[in-house]
2 protein chains.
Amino acid sequence: MSLVDESAQSDRVRDALTAAHLYYMQDLTMDAIAHELHTSRSSVSRLLSHARATGLVDIQIRSPLDAPSRLELLIQERFQITAHVVPVPDHASDVDRLERVALSVARILGQFFDSNMVMGIAWGSTMNAISRHVTPKQTHGSQIIQLNGAGNMRTTGLSYASEILGRFGYAFGAHVHQFPVPAFFDSPATKQALWRERSVSRLLEMQARMDVALFGLGSPFSEVPSHVYAGGYLEEADYASLSRSEVVGDVATIFFRADGSTDGIPLNTRGTGPDFDVLRRTPRRLCVVSGTAKLPSLRGALKADLITDLFVDESTARALVATI
Amino acid sequence: MSLVDESAQSDRVRDALTAAHLYYMQDLTMDAIAHELHTSRSSVSRLLSHARATGLVDIQIRSPLDAPSRLELLIQERFQITAHVVPVPDHASDVDRLERVALSVARILGQFFDSNMVMGIAWGSTMNAISRHVTPKQTHGSQIIQLNGAGNMRTTGLSYASEILGRFGYAFGAHVHQFPVPAFFDSPATKQALWRERSVSRLLEMQARMDVALFGLGSPFSEVPSHVYAGGYLEEADYASLSRSEVVGDVATIFFRADGSTDGIPLNTRGTGPDFDVLRRTPRRLCVVSGTAKLPSLRGALKADLITDLFVDESTARALVATI
DNA sequence: AAGCCGAGTGAACAAACGTGCAAGGAGGGG
DNA sequence: CCCCTCCTTGCACGTTTGTTCACTCGGCTT
């Protein structure tokens with residue numbers, strides 16, 4: 001980028017700030033602002049879009065503490081976690097649901113992440129959707145670390161996962177640490193060997209220190225299997241094994257049962273995500289769920305105490321608290 | 001308010017929150033939201049206005065720390081204070097200027113005031129304008145205290161000042177403490193006597209403990225005299241005295257010279273605002289100025305170290321840093 | 001030097017929004 | 001029981017805003 005580009009950039013930011021000020025603080029119309037900035041109304045419209053998209057303008061919703069939704073209260077009482085229920089009409093499709101929850105999370109994520117923090121991020125369709133909308137917030141000294149490997153037998157998976165991570169990193173101005181291993185090893189021994197490598201153990205140590213973890217849930221036996229199951233990461237035999245172990249879901253390739261337990265699930269010796277013990281030591285653990293198909297998985301994750309903050313669409317939330 | 005009113009109220013808030021969520025987090029159109037909430041688009045529009053007006057939706061402008069306006073930087077360097085320059089076109093009238101600065105301050109004030117804080121507030125046309133726009137923010141245990149008396153020889157002045165204070169108090173859910181004394185006493189002895197009264201000294205002690213002070217500037221010899229001078233609070237002789245003492249302005253009825261000094265200004269023994277020593281011990285001292293007429297006064301206040309955060313319109317800011 | 005490319009602009013159109021108004025409804029008083 | 005009042009609602013209109021498109025203008029390549 002040339003010098004003149006840079007100053008043009010900063011001019012643009014300056015104008016965007018002024019426009020935002022005039023629009024949001026002084027309630028001028030874009031027309032009036034265009035006049036003050038000696039440009040056209042359309043440019044002001046674009047300037048303001050830009051200001052919102054880049055986080056220059058930050059819109060928060062602060063519910064008066066006495067009025068969180070009934071659902072959020074119920075979930076809080078029942079599971080001792082903070083719930084963020086995203087309103088979604090009941091008739092919405094699962095794709096809609098996911099998209100809308102992801103959009104909401106993307107907008108609110110900045111409130112959980114700040115300078116000098118380390119955030120662990122999983123990947124999958126949920127994370128992908130979030131990454132495509134995340135609103136930037138400038139931080140410094142912050143790090144983003146991939147929670148689990150992404151390769152499978154057909155591809156290194158790097159581009160997909162790295163695209164996701166990259167978008168988060170770019171939005172927060174954070175240093176991104178990729179985790180260049182397959183999602184599942186073929187042999188536990190390879191995993192153990194690699195885990196002893198200094199390059200890998202450096203990443204594991206960083207995972208152990210993270211301040212925020214952001215992840216979705218896998219749910220191997222639901223009708224809409226998540227990305228891990230669709231992408232050829234597992235084989236028939238693996239599914240059978242999961243089924244035998246009565247697995248209901250996973251977080252970052254680590255599987256759990258309905259009661260939250262993980263012991264003696266063979267596949268976990270080959271998965272690459274963080275031990276739940278490590279995860280549970282992370283102060284904020286943000287879990288994003290949409291669609292009732294993931295309900296069993298969600299219940300298991302809650303039993304396992306993997307979640308401190310839950311982002312969930314309204315009908316799934318309702319189903320969660322409905323006594324069965 | 002009846003029970004059913006209350007629940008209707010909370011329904012309204014709930015709807016407003018949902019609407020805000022759908023509008024600002026999920027980018028739905030009002031039409032779509034109307035559909036989801038089973039109401040008309042106009043109602044949604046009103047609901048959203050309501051949400052903004054009551055502070056349910058909070059819009060902030062966060063300038064990336066490397067791009068405060070050139071003016072704000074200059075002022076910061078020159079005077080060691082934080083400046084908030086409000087963009088206002090040069091050709092705007094003084095009334096416009098005041099109104100626009102006030103609107104900006106009203107929107108941003110919530111960032112300086114929180115639960116369990118004590119805020120001292122002066123009164124006058126500037127404060128009045130701000131009070132009419134201040135965006136609510138619910139706090140608890142917070143107090144608002146009037147900085148100086150408001151009566152004069154013709155009226156107790158209570159209604160005007162109390163209206164202003166009341167609006168702030170209402171917006172923040174804060175307890176309002178009025179200061180039921182005239183703006184200026186006729187005799188210093190009366191002031192001293194009253195100052196020893198427990199009811200008054202209780203207020204003075206609270207002033208000494210305040211976390212934030214919010215005030216405008218008086219400027220007795222400018223062409224647009226502020227409210228204190230227009231309202232019959234001072235007499236000819238007083239003006240003559242001020243002129244003799246080379247006074248350039250006042251903060252809450254305490255006068256100062258161009259060099260910031262106050263010693264030996266007779267009128268100050270009869271004014272009711274806080275000693276500058278008290279004021280200077282307040283952590284945040286927000287001063288709102290608009291119009292170049294107040295420039296001499298502003299320079300004096302800066303010399304006196306009365307200000308930690310300055311809110312000022314653009315052309316006055318420019319004039320402030322212009323070398324004379 | 002001509003030409004190509006991409007970023008950015010304003011005009012024009014279409015979509016989305018705010019608001020005055022009349023109608024409807026709940027609550028309170030006569 | 002009726003009426004009056006005040007508040008809320010949806011409609012219709014005019015305004016404001018988002019977006020498409022054709023165009024311009026530097027910068028870079030051929």
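All figures in this text were calculated on a predicted structure; none of them were measured in a lab. All chains are named by letter (A, B, ...) in the order of the sequence lines, taking the proteins before the strands, and each is independently numbered beginning at 1.
The NE2-C1' distance, from A:H38 to C:dT9, rounds to 17 Å in whole Å. Look at CZ on A:R46: it is 13 Å from P on D:dC21, rounded to the nearest Å. Between A:Y24 atom OH and D:dT17 atom C1' there is a gap of 11 Å when expressed in whole angstrom units. In this structure, the CZ atom of B:R41 is 8 Å from the P atom of C:dG18, given to the nearest Å. Atoms CG (A:L48) and C1' (D:dT17) sit 10 Å apart, rounded to a whole Å. Going from atom NE2 of B:H50 over to atom C1' of D:dT9 covers 16 Å, rounded to whole Å. As a whole-Å value, the separation of B:L37 CG from D:dG10 C1' is 15 Å. Computed from coordinates, the B:L47 CG to C:dT19 C1' distance equals 16 Å when rounded to whole Å.
In terms of modelled atom types and a separation under 3.5 Å, the side chain of A:Q146 and the main chain of A:F179 share a donor-acceptor contact.
The aromatic rings of A:F172 and A:F113 sit perpendicular, their planes meeting at an angle over 60°, well past the 30° parallel limit. Using the six-membered ring where Trp is involved, A:F311 and A:F112 have ring planes that are perpendicular, over 60° apart on the 30 and 60° scheme.
Between B:S43 and B:S40, the side chains place a donor N or O and an acceptor N or O closer than 3.5 Å (distance only, hydrogens not considered). If you check the side chains of A:R14 and B:S63, you find no donor sitting under 3.5 Å from an acceptor. There is a side-chain donor-acceptor pair under 3.5 Å between B:S131 and B:R167.
When distances run from any side-chain atom of B:S43 to the nucleotides C:dG18, D:dT9, D:dT17, the shortest one goes to D:dT9. Ranking D:dT20, D:dC13, D:dT17 by closeness to the A:Y23 side chain, first place goes to D:dT17.
Considering only side-chain N and O atoms, A:R52 lies nowhere under 4.0 angstrom from the phosphate OP1 or OP2 of D:dT17.
Looking at residues 27-36 of chain A, you'll see A:T29, A:M30 sit with a heavy atom under 4.0 Å from some atom of DNA chain D.
Among the protein residues, A:S49 comes within range of no part of the nucleic acid, since none of its heavy atoms lies under 4.0 Å from any strand. Contact annotation for B:S42: base contact, defined as any heavy-atom pair under 4.0 Å involving a base atom.
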Worksheet item: Would A:T316 and A:D313 count as a side chain to side chain donor-acceptor pair (under 3.5 Å) if you check the C-alpha gap in whole Å, the side-chain angles of each, and the deciding distance to 0.1 Å?
Response: CA-CA 6 Å; A:T316 307; A:D313 67 286; 2.6 Å; yes
